[in-house]
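Beneath this line is the structure, given in structure tokens, with notes to follow.
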Amino acid sequence: MSESDVQFTAQEALEFHSQGRPGKIEIVATKPMATQRDLSLAYSPGVAVPVQAIANDPATAYDYTAKGNLVAVISNGTAILGMGNLGALASKPVMEGKAVLFKRFADVDSIDIEVKTEDVGRFIDAVELLEPTFGGINLEDIAAPSCFIIEQTLRERMNIPVFHDDQHGTAIIAAAGLINACELTGRSLKDIKVVCNGAGAAAIACTELIKAMGVPHDNVIMCDRSGVIYQGRTEGMDQWKSAHAARTATRSLAEAIVGADVFLGLSAANALSADMVRSMSDQPIIFAMANPDPEISPPVARAARPDAIIATGRSDFPNQVNNVLCFPFLFRGALDVRATTINEPMKIAAANALAQLARETVPEEVAAAYGGMSHKFGRDYIIPSPFDPRLMEIVASAVAKAAMESGVAQKPITDMSAYRAQLRARLNPTNSVLTQVYEAARAKPRRVIFAEAEEDVVLRAAIQFKQDGYGVPVLVGRDARVRDMLRDLGTDAEDYEIHNSAQSPLVERMVDRLYSRLQRRGYLRRDIQRMVNRDRNIFGALLLQLDQADAMITGVTRTFGQTLRELRRVLDAKKGEISFGIHVMVGKTHTVFIADTTVNERPSAEELAHIAEKTAGVARRMGHIPRVAFLSFSTFGNPHGTWLNNIRDAVALLDARRPDFEYEGDMPPDVALNPALMKNYPFCRLSGPANVLVMPGLQSANLSAKLLRELGGDQVIGPMLIGMEKQVQVATMASSTSDLVTLAVLAAAAVTE
């Protein structure tokens, strides 16, 4: 369950899915395909060798093909999200999205398959025949009761993991939250009284799992649309409901809930009333998981019972039951030990691992990404964040261990510590931390100036910034023009704050302030008046200087250098510091910070040392342990050169300061980034490839960053401007709406301080 408070228009959603290459996934070759020899090895005749090896020993398919990291996401579209039976083809965007989540969160490759049949037998036959292709099957959006028959039959017939996420994913996350809610309220699973409202796939899976974890059968009452499912009832019953029929005289939810410790809602909006909540036991545990609207709104439940612990399926309330916490990591662990199934011990292990993770302190570097805000175990944090970078290591290793202990692992892991280290290395922590930065911005919204609001791309970014809850956009531009553009974009113009020098009461204060600053630099007062009235960067920077906002973003209409010159007429670097720029290159498993790429043409040794220290700080706030390389054409003095002294002196300055990060230089990029080459220099102080590259001068830095942006496959963030007295970011003229929102959020969250 992942209902989000992020807002967007229908057109934006369609454009997201259609722009560029339609859809959300593509196939990328993992081996070189440049030469005839490559092609010969990849296909004929080279492919014959692994074909014969697999024929001789089928288990080697995991060694020579992608099977071991490949999951099929399969649906017939009979229960799409909350939209109902819209057919197999209509489910494809959802299944592609699930495939993307597998890759994003656990580096599991996934292919979506939409099966055009509602016939249970034909569906089962179609999926069963796919076993040679995949290492696991994730069933999705299949209506009950067909989903029960399909999953059970496929689990019996197939020798690879089969998992219906709508059932068991929800159950595992809910169970994790229940473990912690019981811990906080001094309860034991074996003693709690539970009422489950709903008798669909997720409700039955939740009930089965908590019973497997120790909740007694007689302590659980399940309700459906007709009321309590009790022993002897015949109306609307089936074999799955009958398995959970209770011995009880109650016949309605209102009767069953009296004195209950736990409410599990997997039904419909507003099914639980405030009076029902008041009738529950002390410190009631309420999991209202209906989407998009829960069985009871958390504010209503809290008003009825201030002592309640509340979870929902929504991201805009604490304790979100979100399946993305589970299925990627469950499959990751199952695939890594070649599990033949996903059994109850593996699900319980996942639930326990999630519960334990919520109790642990968030790492300092992750807390820093939240602007100092840290999640802490308690009533509003019983389920970990979906973007906690530790999820894959902790949950996948717990699942793998349970698979081995329960006898379903075909490839047991002998060194669990090494496996956990391997899991940590699979994903780039930047992705998780960036998401946390977005959440931090939403938790503490700031005012951000968008200085070029008459540009379509800027205005779209401002709208997205506001609608997604990151803060308040302060727009600079001509009122009438900006309001017309807002209306054209389908937005209520009255909801936005617009500043225009022609009407601003702040202009005189701005002129006075800037004239006082520049009068001894050759400027007349009328020059200052002209700048304030005509230049949006000057006007916007003065708004920032007068504390009308917390941050500012500009740059799409002028070159970086010209924009920075205008900003420097108003703003200085922080006292005792220099300003500089960082490009951040984000790959699947790595992030590299390159500095200074925008400001200082030939930095001194002191400036290079300062740039290294500050960039290391940014790297740490984005989830990385910094390893700094001072780059040069020379490898530790070979060959000699005129410009090496600055680099060596910078290293000497850091030697004297003893900073808390690794650093080394002078060295070329290949030695800094390639462990095999680095081994030729055993005295090198870096413990691994550098992730902070300090360039010797602006020319090499700027050229490198732009070449990598245009030629490389990495996502590029920046340039990010560091060291200014106010949070101001200068985008590039080619920036997209997404680029601008990212920079605005980074500035608002003060990651670039």
Side-chain angles (χ1 to χ4, degrees), residues 446-454 458 472-478 497-582 596 598-604 606-607 610-611 614 698 719-733 743-744 746-748 750 752-753:
R446 301 291 181 89
R447 291 168 58 83
V448 175
I449 296 166
F450 289 78
E452 300 158 309
E454 292 185 27
V458 175
V472 177
V474 179
L475 308 180
V476 175
R478 292 171 291 178
E497 180 180 335
I498 304 173
H499 287 255
N500 181 0
S501 60
Q503 288 93 27
S504 175
L506 299 171
V507 167
E508 281 305 308
R509 285 177 60 194
M510 291 178 174
V511 171
D512 290 342
R513 187 170 192 130
L514 191 57
Y515 183 55
S516 174
R517 175 180 171 84
L518 299 181
Q519 62 189 357
R520 293 184 180 275
R521 301 187 199 176
Y523 290 91
L524 300 175
R525 186 176 180 85
R526 63 173 177 264
D527 298 327
I528 302 301
Q529 290 172 326
R530 189 179 300 111
M531 281 192 290
V532 171
N533 284 304
R534 295 184 180 180
D535 193 298
R536 288 170 187 152
N537 285 330
I538 297 290
F539 181 78
L542 284 164
L543 281 175
L544 191 61
Q545 190 68 276
L546 293 175
D547 296 323
Q548 300 299 303
D550 303 293
M552 172 178 165
I553 184 165
T554 185
V556 302
T557 61
R558 299 174 188 176
T559 64
F560 187 98
Q562 183 179 357
T563 302
L564 185 59
R565 285 193 297 272
E566 292 162 357
L567 293 174
R568 282 176 154 179
R569 289 174 177 168
V570 180
L571 302 169
D572 290 322
K574 288 180 182 178
K575 188 174 181 180
E577 297 189 12
I578 61 168
S579 59
F580 65 96
I582 300 174
D596 166 26
T598 58
V599 180
N600 300 285
E601 184 172 358
R602 181 60 68 178
S604 65
E606 176 61 42
E607 289 170 336
H610 178 81
I611 289 168
K614 291 297 180 180
L698 183 58
M720 300 192 307
L721 187 58
I722 310 295
M724 297 294 286
E725 61 176 319
K726 297 283 187 178
Q727 278 291 329
V728 58
Q729 290 299 322
V730 180
T732 68
M733 296 173 70
L743 281 177
L746 289 170
T752 54
E753 280 192 343

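Just so it is clear, the values below take in all heavy atoms, side chains as well, and ignore hydrogens, waters and symmetry mates.
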Show the nearest heavy-atom pair for residues [X] and [Y], with the distance to one decimal.
X    : Y    : result
I449 : A549 : CG1-CB, 3.5 Å
Y515 : Y523 : CE1-O, 3.6 Å
L721 : M724 : CD2-CG, 3.6 Å
T732 : P719 : CG2-CD, 3.5 Å

List the residues meeting side chain to side chain donor-acceptor pair (under 3.5 Å) with [X], not counting sequence neighbours, and say none if there are none.
X    : result
R602 : none
E577 : K614
S579 : R568
H610 : none

F450: ring pair (Phe, Tyr, Trp, His ring centres under 6.0 Å) partners, not counting sequence neighbours: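 With neighbours one apart ignored, the set is F465.
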Result of checking V507, V511, L524 against Q529 for side chain to side chain contact (heavy atoms under 4.5 Å, CB included):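 Exactly one pass, corresponding to V511.
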Is a donor on one side and an acceptor on the other found under 3.5 Å between the side chain of [X] and the backbone of [Y]?
X    : Y    : value
Q545 : L542 : no
R517 : R569 : yes
N600 : P603 : no
E452 : V556 : yes

Taking only residues two or more places apart in sequence or in another chain, which ones pass side-chain contact (heavy atoms from CB on, under 4.5 Å) with [X]?
X    : result
D512 : R525
A541 : M552, L567, V570, L571
E601 : L698
Q548 : L506, L543, L546

In the structure I gave you, are the side-chain heavy atoms of [X] and [Y] within less than 4.5 Å of one another anywhere?
X    : Y    : value
V472 : V448 : no
T554 : V458 : no
V532 : L514 : yes

Just to verify, what does R478 make a salt bridge (Lys or Arg N to Asp or Glu O under 4.0 Å) with, not counting sequence neighbours?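 R478 satisfies salt bridge (Lys or Arg N to Asp or Glu O under 4.0 Å) with E454 only.
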First locate atom OG1 of T563, then atom CG of N537, and finally report the distance between them rounded to the nearest 0.5 Å.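 Output value for this atom pair is 5.0 Å.
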Enumerate the residue pairs fulfilling salt bridge (charged side-chain N to carboxylate O under 4.0 Å, His left out) with a member in residues 550-564, sequence neighbours excluded, ordered by first and then second residue.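 Applying salt bridge (charged side-chain N to carboxylate O under 4.0 Å, His left out) to every pair that reaches into residues 550-564, excluding sequence neighbours, yields D535-R558, R558-E566.
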Mind running salt bridge (Lys or Arg N to Asp or Glu O under 4.0 Å) on D527 and R521 for me, showing each step along the way? CA-CA 12 Å; D527 298 327; R521 301 187 199 176; over 6 Å; no
